[in-house]
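Heads up: the structure comes next, in structure tokens.
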Amino acid sequence: MTDLAFTHTEADRLPAAEREALLADPGFGNVFTDHMVSVVWTKDAGWHDAEVIPYGPIQMDPASSVLHYGQEIFEGLKAYRRADGSIVTFRPEANARRLNESAVRLALPEIPEELFVAGVRELVRIDADWVPSGYDQSLYLRPFMIADESFLGVRAAERARFMIIASPAGPYFSGGVKPVSIWLSRDLARAGRGGTGAAKCGGNYAASLLPQQVAADNGCQQVLFTDSATVDTIDELGGMNLFLVRADGTLLTPRLNGNILDGITRRSLIQLAKDRGHAVEERDLTVSEWREGVAAGTITEAFACGTAAVITPIRQLKSEDFAIDFGESGPGELTMALREELTGIQFGTREDRHGWLSQITEPAAGAAETAAAR
Ligand SMILES: *Cc1c(COP(=O)(O)O)cnc(C)c1O
């Protein structure tokens, strides 16, 4: 590591009125802030050229290795504006650690965790005006790493680039939190033993797009992937981890079996559930168990979780020949209680007992009154 300090090149900032208009209803992943972070790695010089530069297209050689062999990894985390005007992020060091675990699997260089976290902090500070203050709004941060050596031979690239872009995001569900239907993918898989299922890499998402289309054709919003050998042991959704709730309040979730992502939302919810006195079982979980449990009344709720949507209640699991359905009862009670608690910690209305938040900017003078009046 040569230099932790970021150099800044100031962008032509979007005029405040135009920014505010975009922040009124940003949707998800459509709008980007004025700046971005870029750090270069070469085999010989290590990480260097840490910069915050104007957001915009990057130059890339058509022979750049990422374009041919998909050597890419990414992360997702959010910055939240609190009622007092201050800005916080949630467990950024966990994202840094996970990016490095993905890097090892994809034969990309590991990045110093301090450099990752410093990049997040720099970008959020410089583009702080882009952190929205509306209900359930946040600034979604997308750190990623690509191999960009110009070389068509098949081996790990000797040049890579780490970047962070930021996108203001509204509530994931425009009409409130509604239970979704998910499709059981039988023939199409996203991961297998020894593969890249536990890494957060673009390739896993590429493999999930066709099954996602099949799900949509069957009236479902998401796909459930299982272990491809049994088509019964549950892995996770395309981009979210899965939980079932037993009638006795026990939470069930697949263990980290090498095929699924070690979700930070998953990990946080396990802790919050235990804090509330719930038992949590991390183990092999099957579709059969889900099906029989719902029929017998012993499994009463299901939800998916991830940074983008926090918690998505699941109403039914559909496949070619059966459906497991919780009926019209709406999101489960524990599902919603955990959602309240986690978002409460993030937005500052619940105590941060575990020290998960890291503050990026100070409370704004006079902001508390403004927020209180909102
Ligand atoms: C990112 C991701 C998740 C959720 O992880 P969080 O850290 O909770 O955002 C779950 N599954 C997959 C496949 C993912 O890529």
Side-chain angles (χ1 to χ4, degrees), residues 70 72-77 91 94-106 144 180 182-212 215 220-245 250-274 280-291 293 299 301-314 317 319 324 335 338 342:
E72 186 267 359
I73 55 177
F74 67 95
E75 276 301 323
L77 70 162
R91 310 185 77 174
N95 294 92
R97 207 168 309 131
R98 189 172 66 189
L99 184 83
N100 282 337
E101 286 163 10
S102 300
V104 169
R105 181 62 185 85
L106 274 286
F144 63 101
V180 299
I182 63 176
W183 179 252
L184 177 62
S185 186
R186 278 183 197 284
D187 302 325
L188 301 171
R190 70 176 277 286
R193 179 192 286 250
T196 55
K200 203 167 177 78
C201 64
N204 291 343
Y205 279 74
S208 76
L209 300 177
L210 177 60
Q212 182 67 39
C220 294
Q221 291 81 18
Q222 293 283 334
V223 185
L224 179 71
F225 292 100
T226 58
D227 156 56
S228 54
T230 61
V231 198
D232 196 32
T233 306
I234 295 169
D235 280 343
E236 62 171 326
L237 276 63
M240 284 187 269
N241 294 113
L242 182 103
F243 281 85
L244 300 177
V245 181
T250 302
L251 276 168
L252 311 174
T253 193
R255 69 185 170 87
L256 300 176
N257 61 6
N259 286 346
I260 71 173
L261 199 82
D262 182 359
I264 294 160
T265 316
R266 172 188 181 278
R267 232 189 284 161
S268 305
L269 292 173
I270 289 173
Q271 183 64 54
L272 294 179
K274 287 180 177 169
V280 182
E281 295 178 10
E282 292 180 67
R283 58 170 170 83
D284 285 341
L285 209 63
T286 62
V287 172
S288 313
E289 180 179 357
W290 182 350
R291 195 175 173 186
I299 289 176
E301 303 178 27
F303 64 86
C305 69
T307 297
V310 193
I311 282 184
T312 306
I314 294 167
L317 174 65
S319 78
I324 306 170
T335 300
L338 288 171
L342 182 58

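Residue numbers count from 1 along this sequence. Because only heavy atoms are used, hydrogens play no part in the values below, and waters and symmetry mates are left out as well, while side chains stay in.
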Between CZ on residue Phe243 and SG on residue Cys305, distance to nearest 0.5 Å: 5.0 Å

Derivation and outcome, side-chain contact (heavy atoms from CB on, under 4.5 Å), residues Leu210 and Leu188: CA-CA 8 Å; Leu210 177 60; Leu188 301 171; 3.9 Å; yes

Salt bridge Arg267-Glu282, side-chain N to carboxylate O under 4.0 Å: no

Approximate separation, where rounding is to 0.5 Å, of Thr233 OG1 and Glu289 CD: 10.0 Å

Step-by-step side-chain contact (heavy atoms from CB on, under 4.5 Å) determination, Phe303 to Leu269: CA-CA 11 Å; Phe303 64 86; Leu269 292 173; 3.9 Å; yes

Separation of Ile260 CD1 from Arg266 CZ (nearest 0.5 Å): 5.0 Å

For Glu236, all residues meeting salt bridge (charged side-chain N to carboxylate O under 4.0 Å, His left out), sequence neighbours excluded: Arg190

Under 3.5 Å side-chain donor-acceptor pair for Thr335 and Glu301: yes

side-chain hydrogen bond (donor to acceptor under 3.5 Å, both in side chains) involving Ser268 - partner list, sequence neighbours excluded: Arg91

side-chain hydrogen bond (donor to acceptor under 3.5 Å, both in side chains) partners for Ser288, two or more places apart: Asp232

For Ala207, side chain to side chain contact (heavy atoms under 4.5 Å, CB included) partners two or more places apart: none

Between CD1 on residue Ile234 and CZ on residue Phe225, distance to nearest 0.5 Å: 13.5 Å

Closest approach of Val280 to Ala273 (non-hydrogen atoms, all atoms of both residues): CG2-CB, 4.0 Å

Thr307 backbone acceptor or donor facing Thr265 side chain under 3.5 Å: yes

Contacts of Ala304 that satisfy side chain to side chain contact (heavy atoms under 4.5 Å, CB included) - sequence neighbours left out: Leu237, Met240, Thr312, Ile314

SB check Glu75 Arg98 (cutoff 4.0 Å): yes

Heavy atoms of other groups near Arg186 CZ, more than 12 under 6.0 Å: yes

With Val245, the side chain to side chain contact (heavy atoms under 4.5 Å, CB included) member among Leu338, Leu251, Ile299, Leu252: Leu251

Results of side chain to side chain contact (heavy atoms under 4.5 Å, CB included) for Leu209 - residues two or more places apart only: none

Asn204 side chain to Thr196 side chain, donor-acceptor N/O pair below 3.5 angstrom: yes

Separation of Leu242 CG from Leu285 CG (nearest 0.5 Å): 7.0 Å

Value rounded to 0.5 Å, distance of CG in Asn95 from CZ in Phe74: 11.5 Å

Trace of the side-chain contact (heavy atoms from CB on, under 4.5 Å) decision for Gln221 with Ile182: CA-CA 6 Å; Gln221 291 81 18; Ile182 63 176; over 6 Å; no

Pair Asn257-Asp235, side-chain donor/acceptor within less than 3.5 Å: yes

Salt bridge (charged side-chain N to carboxylate O under 4.0 Å, His left out) assessment of Lys200 paired with Glu72: CA-CA 9 Å; Lys200 203 167 177 78; Glu72 186 267 359; over 6 Å; no

